[in-house]
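In the text below, chain A, chain B and the rest are named by the order of the sequence lines, each starting its count at 1.
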Amino acid sequence: MTPSFIELPVTAEDRRIARLAALAIGLSLAEAALPSPVPGIKPGLANIVVLLVLLRYGWRAAAWVSGLRVLAGGILLGTLFAPGFWLSAAGACTSLAVLAAARHLPARHFGPLSLSVLAAFAHIAGQLALAAVWLLPGIAVLKLLPVFAAAALVFGAVNGVIVARLLPRMALAAPTPDRRQSGPCPTP
Amino acid sequence: MLKAGDFGVLAAGTATVAALAWWAWFAPSGAADTALIRAAGKIVHSVPLTRPQTLVVAGPLGPTRIEIEPGRARVQADPSPRQLCVRQGWLAHAGDAALCLPNQVSLELRGRQSPYDTLVY
């Protein structure tokens with residue numbers, strides 16, 4: 001019997017997505033350690049990575065990073081397939097859906113901050129919608145809606161400013177897709 | 001760094017938050033006339049807020065006592081560890097709710113307000 005090998009070809013894009021997803025997962029974990037006054041209100045630092053990936057590498061890569069972040073975050077935090085995991089997944093899905101539309105906004109007038117705020121609102125809307133139909137059917141969620149929305153506005157804006165500041169540096173520092181090298185290689 | 005559209009999005013976001021806050025917290029909600037009591041998601045009592053009475057509902061942790069008075073209701077005692085629903089005190093408006101977790105008992109007030117003022121055929 002001959003041993004059979006299944007070799008999965010790993011492309012440079014796979015490595016890049018894995019690297020960026022690892023960064024997003026790291027931020028998620030760091031954030032999970034922060035105390036939060038209201039459960040569910042978090043800065044969403046991983047969304048900074050997702051937005052940077054979206055603006056630099058496109059929506060598909062951003063969806064991969066976001067999905068891997070939710071999945072691996074669930075594994076590492078021990079919440080895989082628990083309610084918190086599904087809330088996170090719902091938020092990520094709605095956020096990506098809105099970003100898919102919002103990234104076509106004219107870049108002359110709308111910067112990363114717009115995308116970040118819209119994504120943050122979509123994130124909280126997806127989470128609350130799932131919570132309202134599944135976890136807490138009824139009206140209990142409504143009273144907290146403004147708190148969540150305000151958090152989305154503030155954290156979305158802050159993350160957006162961070163993205164706007166990091167994006168030019170990332171364009172300079174990131175290696176090109178096909179060649180890995182240590183020096184800075186400017187790409188448009 | 002910020003562009004014109006960004007300020008537009010920020011303004012729209014602020015307006016959304018303000019509108020939600022008004023709608024959720026300050027919009028007039030009618031007086032309540034019925035208390036709905038659920039255990040494990042199922043309605044176990046639907047009591048008019050007319051005469052004083054005390055109801056006892058069994059949950060997984062033990063009994064939850066709900067006190068009804070004319071026009072208002074509250075969770076009087078509950079075995080849940082954090083006592084959040086008890087500390088909410090009296091509920092009097094339609095739409096108010098107290099959830100006793102993890103005892104899976106909830107008290108929700110309903111008003112007479114229907115979605116329509118009147119229907120004409």
Task: Donor-acceptor contact present, side-chain B/Asp6 to main-chain A/Phe110, <3.5 Å - done: no
- [ ] Would you indicate whether the side-chain heavy atoms of A/Leu153 and B/Leu10 approach each other to under 4.5 Å?
- [x] yes
Open item on the list: Tell me whether A/Leu76 shares a hydrophobic cluster with A/Leu87, the cluster being built from Ile, Leu, Val, Met, Phe, Trp, Tyr side chains joined at under 4.5 Å.
Closed with: no
TODO: Could you tell me whether the side chain of B/Trp25 reaches within less than 4.5 Å of the side chain of A/Val147, counting heavy atoms only?
DONE: yes
- [ ] Establish whether A/Val158 and A/Leu55 are linked, either directly or via other cluster members, by ILVMFWY side-chain heavy-atom contacts under 4.5 Å.
- [x] yes
Open item on the list: I'd like to know whether CH2 of B/Trp90 has more than 12 heavy-atom contacts from other residues, nucleotides or ligands below 6.0 angstrom.
Closed with: yes
TODO: Under 4.5 Å heavy-atom distance to chain A, tell me which part of B/Leu2 shows up: side chain, backbone, both or neither.
DONE: side chain
Task: A/Pro146 versus B/Ala21, closest heavy-atom pair with distance - done: CG-CA, 3.4 Å
Open item on the list: Taking side chain as everything from C-beta outward and backbone as N, CA, C, O, which of these in B/Ser106 sits under 4.5 Å from a heavy atom of chain A? Side chain, backbone, both or neither.
Closed with: neither
Open item on the list: With side chain to side chain contact (heavy atoms under 4.5 Å, CB included) as the criterion, how do A/Phe148 and B/Val17 come out once you've worked through the C-alpha distance, each side chain's angles and the decisive distance to 0.1 Å?
Closed with: CA-CA 9 Å; A/Phe148 286 118; B/Val17 172; over 6 Å; no
- [ ] Could you grab the distance from atom CG of A/Leu113 to atom CZ of B/Phe7, nearest 0.5 Å is fine?
- [x] 8.5 Å
- [ ] Consider only side-chain heavy atoms of I, L, V, M, F, W and Y, link residues closer than 4.5 Å, and tell whether A/Leu80 and A/Leu130 are in one cluster.
- [x] yes
Open item on the list: Hydrophobic clustering (ILVMFWY, side-chain heavy atoms < 4.5 Å, transitive) - are B/Val86 and B/Leu109 grouped together?
Closed with: yes
- [ ] Could you tell me which portion of A/Arg108 (side chain, backbone, both or neither) has an atom closer than 4.5 angstrom to a non-hydrogen atom of chain B?
- [x] backbone
Open item on the list: Are B/Val75 and B/Val47 connected into the same hydrophobic cluster when the rule is that any two of I, L, V, M, F, W, Y join if their side-chain heavy atoms are below 4.5 Å apart?
Closed with: yes
